[in-house]
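Everything below concerns the one structure shown next.
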Amino acid sequence: MNHPVVADHEEQHSMQEAPALRERLAAMVAWASDGTVSATEALAATVPLSALGVTSLAQMRLIDAVEREFGIEFDFSDDTVDVLNDLAALERRITEAA
């Protein structure tokens with residue numbers, strides 16, 4: 001049984017990690033796109049990142065960077081490319097793989 005104070009602390013820690021992870025992913029998008037899409041633009045996006053200018057080459061660079069940094073592998077037989085168009089979806093994919 002989890003102690004309420006410990007559980008509350010873990011929940012707060014998890015909530016703090018989410019913005020940090022999303023900000024890290026946004027910075028990775030900016031790097032992968034050679035600055036075509038800034039981290040700020042990626043964070044504020046209400047359209048797919050590809051609509052902002054993230055090319056297929058940038059997506060490949062992003063895949064490589066995410067796989068190395070987070071120790072996960074993308075399976076191209078599923079909807080991986082769609083995940084790369086949305087920071088929230090990419091964030092969920094990483095946290096689910098952890």
Worksheet item: Only one of L90, L43, L62 forms a side-chain contact (heavy atoms from CB on, under 4.5 Å) with L25, so which one is it?
Response: L90

Worksheet item: Taking only residues at least two apart or on different chains, which pairs with a member in residues 26-46 satisfy salt bridge (charged side-chain N to carboxylate O under 4.0 Å, His left out)?
Response: D34-R61

So which atom in [X] and which in [Y] form the shortest heavy-atom distance, rounded to 0.1 Å?
{"X": "A39", "Y": "A30", "answer": "N-CB, 3.6 Å"}
{"X": "V37", "Y": "A42", "answer": "CG1-N, 4.0 Å"}
{"X": "G53", "Y": "T36", "answer": "O-CG2, 3.8 Å"}

Worksheet item: Taking atom CD of E69 as the centre, does the number of heavy atoms from other residues, nucleotides or ligands within less than 6.0 Å exceed 12?
Response: yes

Discussion item. Treating Q59 as the side-chain partner and V54 as the backbone partner, does any N or O pair qualify as donor plus acceptor under 3.5 Å?
Written reply: no

Response to the item:
CD1 (I72) and CD (E96) are apart, to the nearest 0.5 Å, by 10.0 Å

Item to complete: Measure the CE-CD distance between M28 and E23 for me, rounded to the nearest 0.5 Å.
Response: 14.0 Å

Fill in: Any side-chain heavy-atom pair of I63 and E67 under 4.5 Å
yes

Worksheet item: Under the side chain to side chain contact (heavy atoms under 4.5 Å, CB included) criterion, do L49 and L84 qualify, and how do the steps go?
Response: CA-CA 8 Å; L49 295 173; L84 296 173; over 6 Å; no

Worksheet item: Would a hydrophobic clustering, with Ile, Leu, Val, Met, Phe, Trp and Tyr connected at side-chain separations under 4.5 Å, put F70 with M60?
Response: yes

